[in-house]
Amino acid sequence: MTPQFHHPTFAVTVDMALFGFAHDVLSILLVQRKYSPYAGHWALPGGFVDPDEDLTTAVIRELHEESGLTPAWCTQLHTYGTPGRDPRRRTISVAHLGICQGTPPVICSDETPIVAWHPLDHLPVLAFDHDHMVLAAKHMLVHGCHDLALLSRFFPETFTLSDFHRLVSTLHQCDIPAAPFMAALQAHPALERLDDDALHGRYRCIATNYVPFVWTS
């Protein structure tokens, strides 16, 4: 006979740390909570997972319902389950990292009437443990600076070498020497040049999976 185990049930939620890069500013999308707990506080887009729903499907659905946006790319980031993190009940949240091309306008809803992009270095106080999620997402992006395919998700199909240089400098919060960085990009086999101007022209990334990118100072 199969033994019966009786454990307390708990909820599963998903949250999305969605980043965009525009005008040399790295921003993250936040929603202002309408209901308690933390009514009036800013938080990452997210919500409860439906019983028959995949986690990725759930976080993309919640993001779209709350902002009208869909990420160009997303992946699971970390799972958060400290008891008491949600005062309503025991809740496990699977955080995701998402990338958006630019910082497109949002479409608000009745449940999230205030949604806005916030510069990553000027964030308000966040609800729940979302500050930990944002920090983990930022660390993943900084480590991802050596993944050419990942970085290209921040831009439309074509971009310039200067676009890449400004993005990586912003992520590292320092002015990376341009000459060796540009030289490494120009020589990279995953980049296809689309015109005759090697330095200022347009490029596109022809890889979709992890592609290592290393430069020297």
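All values below come from the heavy atoms of this structure, side chains included, with hydrogens, waters and symmetry mates left out.
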Can you tell if the side chain of Val31 reaches within under 4.5 Å of the side chain of Ser67, non-hydrogen atoms only? no
How many angstroms lie between SG in Cys145 and CH2 in Trp215, if you round to the nearest 0.5 Å? 5.5 Å
Within 6.0 angstrom of Asn209 CG, more than 12 heavy atoms from elsewhere: no
Are Ile176 and Phe159 connected in the hydrophobic side-chain network, where two residues link if heavy atoms are under 4.5 Å apart? yes
Under a 3.5 Å distance rule, please check whether Asp147 uses its side chain to pair with a backbone N or O of Gly144 as donor and acceptor. no
Hey, quick one: are Met140 and Leu44 part of the same hydrophobic cluster, counting side-chain heavy atoms closer than 4.5 Å, chains of contacts allowed? yes
Backbone of Trp42 reached by a side-chain donor or acceptor of Gln32 within 3.5 Å: no
Do the side chain of Asp50 and the main chain of Glu53 share a donor and acceptor less than 3.5 angstrom apart? no
Check whether any side-chain heavy atom of Asp24 sits under 4.5 Å from a side-chain heavy atom of Leu167, and report yes or no. no
CD1/Ile107 to CG/Leu69 distance, rounded to the nearest 0.5 angstrom? 7.5 Å
For Arg166, is there any backbone N or O sitting under 3.5 Å from a side-chain donor or acceptor partner on Thr170? yes
SG-CE distance between Cys74 and Met16, expressed to the nearest 0.5 angstrom: 4.0 Å
For the student: nearest non-hydrogen atoms of Val115 and Val106, plus distance: O-CG2, 3.5 Å
Take Glu111 and Lys34 through the test salt bridge (Lys or Arg N to Asp or Glu O under 4.0 Å) and record every step on the way to the result. CA-CA 6 Å; Glu111 290 194 0; Lys34 184 177 180 180; over 6 Å; no
Taking all atoms of both residues into account, what is the closest heavy-atom pair of Pro189 and Ile206, and its distance? O-CD1, 3.7 Å
Heavy-atom count around Phe48 CZ within 6.0 Å, excluding the residue itself: above 12? yes
Approximate separation, where rounding is to 0.5 Å, of Met133 CE and Leu77 CG: 8.5 Å
All heavy atoms of Arg193 vs all of Ala198, minimum pair found to be NH1-CB, 3.1 Å
Can you tell me how far CG of Asp129 sits from CG of Asp86, rounded to the nearest 0.5 angstrom? 9.0 Å
Under 4.5 Å between any side-chain heavy atoms of Trp117 and Leu18, yes or no? yes
Would you find a donor on one side and an acceptor on the other, under 3.5 Å apart, between the side chain of His172 and the backbone of Cys174? no
Are Trp73 and Phe164 co-members of a hydrophobic cluster defined by side-chain heavy atoms under 4.5 Å apart? yes
Would you indicate whether the side-chain heavy atoms of Tyr38 and Leu126 approach each other to under 4.5 Å? no
Taking the side chain as every heavy atom from C-beta outward, state whether Pro37 and Arg88 have any pair of such atoms under 4.5 Å apart. yes
Pairing residues for Tyr80 by the ring-ring contact (aromatic ring centres under 6.0 Å, His included) criterion, not counting sequence neighbours: His78
Kindly state whether the ring of His165 and the ring of Phe181 have centres lying under 6.0 angstrom apart. yes
Could you see if Phe128 belongs to whatever hydrophobic cluster contains Leu55? Use Ile, Leu, Val, Met, Phe, Trp, Tyr and a side-chain cutoff under 4.5 Å. no
Ala149 backbone acceptor or donor facing Ser152 side chain under 3.5 Å: yes
Taking all non-hydrogen atoms of both residues into account, name the closest pair between Ala127 and Arg33 and its distance. CB-CD, 4.0 Å
Are Glu62 and Pro45 side-chain neighbours, meaning at least one heavy-atom pair lies under 4.5 Å? no
Sidechain-backbone polar pair: Ser169 side chain, Asp175 backbone, donor-acceptor under 3.5 Å: no
Short side-chain to backbone donor-acceptor contact, Tyr203 and Leu185, under 3.5 Å: no
Main chain of Ala39, side chain of Ser36: is a donor-acceptor contact present, judged purely on distance under 3.5 Å? no
Rounded to the nearest 0.5 Å, the OG1 atom of Thr82 sits from the NE2 atom of His132 at a distance of 8.0 Å
Show the atom names and distances, to 0.1 Å, of all donor-acceptor pairs under 3.5 Å that link a side chain in residues 90-101 to residues at least two apart or in another chain.
from: Arg90; atom 1: NE; to: Gly81; atom 2: O; distance (Å): 3.4
from: Arg90; atom 1: NH2; to: Gly81; atom 2: O; distance (Å): 2.7
from: Thr91; atom 1: OG1; to: Arg89; atom 2: O; distance (Å): 3.1
from: Ser93; atom 1: OG; to: Thr13; atom 2: OG1; distance (Å): 3.3
from: Ser93; atom 1: OG; to: Asp15; atom 2: OD2; distance (Å): 2.5
from: His96; atom 1: ND1; to: Val94; atom 2: O; distance (Å): 3.1
from: Gln101; atom 1: NE2; to: Phe155; atom 2: O; distance (Å): 3.2

Checking the side chain of His118 only, and the main-chain atoms of Ile28 only, is there a donor and an acceptor separated by less than 3.5 Å? no
Is Phe213 reachable from Leu199 through a run of hydrophobic residues whose side-chain heavy atoms are each under 4.5 Å from the next? yes
